[in-house]
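Some notes on the structure that comes next.
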Amino acid sequence: MAGKVTKWVQPDPKRQNWYWPTDALRERAWVSDAKVYEQAAADPPSFWAQRAEEIVWFKKWTKAYEEEPYAFRWFVGGKLNLSYNSLDRHVEAGKGGKVALIWEPEPPDEPNRIFTYKELLDEVARFAGALKALGVRKGDRVGIYLPMIPEAVIAMQAVVRIGAVHTVVFSAFSPEALRDRLLDCGAKILITADGYFRRGKLIPLKPQADQALAGTQVQKVIVVRRAGNEIPLTPGRDVWYHEVLRGQSPVCQPEEMDAEDLAFILYTSGTTGKPKGAMHTTGGYAVQVYATCKWDFNLHDDDVHWCTADVGWITGHSYLNYGPLMNGVATVVFEGTPDFPDFGRMWAVIAKHRVTVYYTAPTAIRMHVKWGEEWPKKYDLSSLRVLGTVGEPINEEAWLWYFEHIGGGRCPIIDTWWQTETGATCVQALPGIGPFIPTVAGRPFPGIQAKIVDAGGTPVKTGEGGYLVLEPPFPPALLRGLYGDPEKYKGTYFAEFGPKLYFTRDGARMDEMGNIRITGRVDDVMNVAGHRLATAEVEDALSQHPLVSEVAVVSKPDEVKGEVPVAFVLLKKGVQPSPDLQKELIKTVDQHIGPTARPAAIYFAEDVPKTRSGKIMRRVLKALVRGDPLGDISTLRNPESVEELKAVVGYKG
Ligand code: WT7
């Protein structure tokens, strides 16, 4: 049916696989002159203050930025509310009848639920009133453990509306992972659902939540009816979402939040076994998320924005919920998976809702590459204007496939580098400026100061590899702390280079134009199918099995998932390895973290290589599973362990 299809990009005449915006894209773009980079760099606080003028403040800030060692503040004295900026402002501007949220349930024959801005605002306000009635006050932490249903967005919006602090936990995380997070942040309330659908099967969720609650401070559990499965409700503690909404007014004044008031906590994997709670505040987060969502994806009123990330991740927070809604566009929430009922589901959804912006992870693209281009070919994808990727470095093959078979060779690919900690994108190419280059993310967003340094903190030469760091003025949405652990905040991000350089823990290189290629983490954090995971977390889970005496986990490259964990397990004296034990260990990981963390292989070993001081040499294990040269192993305490392991893993290095 496709009518006239616009070409948004053109190839560079001289450089293979480089693309630039066409005039059509430049004309439509919010920014199309690369001068914006220099202008912003000359005075980042004024640049961000200009962006901040585009959202609504109850009270204007007195100073755009101030800092001292290990602390910085944006929009000092400013008052605003995230939910007001996501919803009320559009309704007040006469856009209440515009579509805000399109829900695509997993069962393909189940009807969509569509909310206009007015409808979404009413529901959020009613739920906000219900939360207040249940005793939730400004600053209280509220746990959210919900599948991909509209209520996930509604709950987050309602929580920030009343000035409470949400902690969203990915619904596929185990009860134990949920409990750890609820305990750490001291949540009084949990919002969950009866269940949801996954690959045609009903997955109960409430029983998981129940298991998590023992020993926590949670007093009330609000349960959304999604799947209709029978679930037990604990009297006095559990209430149905639809019942607490009853009688609530569709008007609930948004709380006036200080720019530096805490908006939410989101847990992420560090290098230790225990996830840490990244603290995001209201003003800087709102401004950077709003501005990057607008410029990265060149959002206009008529856009239908689909970010495929789960709301349990920062990508879902910033580019499924707050970013698109603050920009007044329609956001798509999809409950299902790319392979159900068949490999064409994502493309069917794009065609059905005329999606214009599609934002996903390289791991997902590599899956589609495997399934073949005949799937997207069946659907009309001509509505697409901008494609985005996030979460891990994208390989050239996946980039070109995405560009050709999804974007029809017409759409820019915006490869956005950022982290849970940065809250919003920091490095990318902008649609109206370009260039779009496979495996290269792009330049730091205007107003963001990034550079690449060596171990001593000195900038490396153009083209040389080094560590990616951020310089002051720090990005407005950058985390302000780790919940309950100020020392760890300093130690994790500012130990290597001091308080004047935020260490991203990523390796990178930069070309003459300032384009940055991210090479990957330089610490013991893996990226498994776009999910961040510390090797220490998997070790911690496995070591809790009663028959395990010691364990070492390393990552190994994987064609589809990017990286996967591989475990070396030493059993207690007298315990025999067996396939059953292997299965049990996998179950242990499921229980403590969730299926995303399952090791791709578990090797039982008699011993693992150690230094003289007894530290496990993960470097050697990594080389063993990757088939890389082992390097110098002469300083090991037990070099003979390496010979044994070569046989165990089938090393042919
Ligand atoms: C780590 C952060 C930010 C949302 C999703 C992940 C890696 C992220 C890219 C990219 C290369 C990337 C980095 C980063 N990463 N985006 N475009 N190119 N690597 O958030 O779970 O906090 O993980 O993901 O290694 O440090 P996260």
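Atoms within a ligand are numbered from 1 in the order they appear, just like the ligands themselves. Residue indices begin at 1 and follow the sequence shown.
- Although no hydrogens or angles enter the test, the distance criterion places no donor-acceptor pair under 3.5 Å between the side chain of Glu563 and the main chain of Lys561.
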Would Phe503 and Thr492 satisfy side chain to side chain contact (heavy atoms under 4.5 Å, CB included), going step by step from the backbone distance to the final call? CA-CA 8 Å; Phe503 184 24; Thr492 309; over 6 Å; no
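- Considering each of Leu468, Thr416, Ile394, Thr315, the one bringing a non-hydrogen atom nearest atom 4 (C) of ligand 1 is Thr315.
- Remark: minimum distance from atom 22 (O) of ligand 1 to any protein heavy atom is reached at Thr420 OG1, 2.5 Å.
- Here the heavy atom of the protein found nearest to atom 25 (O) of ligand 1 is Asp506 OD1, 2.6 Å.
- Ligand 1 lies out of reach of Gly520, whose nearest heavy atom is not under 4.0 Å from it.
- A donor atom on one side chain and an acceptor atom on the other are found under 3.5 Å apart for Asp303 and Thr356.
- Contact annotation for Ile314 and ligand 1: only side-chain heavy atoms (C-beta onward) come within less than 4.0 Å of the ligand.
- The backbone N or O of Thr363 lies less than 3.5 Å from a partner atom in the side chain of Glu392, making a donor-acceptor pair.
- Ionic pairing of Arg15 and Asp12 is present here: one or more N-O contacts between side-chain nitrogen and carboxylate oxygen are shorter than 4.0 angstrom.
- The residue among Arg521, Arg532, Glu392 with a heavy atom at the shortest distance from atom 9 (C) of ligand 1 is Glu392.
- Arg532 has no carboxylate O lying under 4.0 Å from a charged side-chain N of Glu537, or vice versa, which leaves the two without a salt bridge.
- Below 3.5 Å of separation, one finds no N or O of Thr504 facing any N or O of ligand 1.
- Put simply, the side chain of Tyr358 never gets that close to the backbone of Trp347: no donor and acceptor are under 3.5 Å apart.
- Listed by atom number, the atoms of ligand 1 under 4.0 Å from Asn527 heavy atoms are 7 (C), 24 (O).
- Ranking the protein heavy atoms by distance from atom 6 (C) of ligand 1 puts Gly391 CA, 4.0 Å first.
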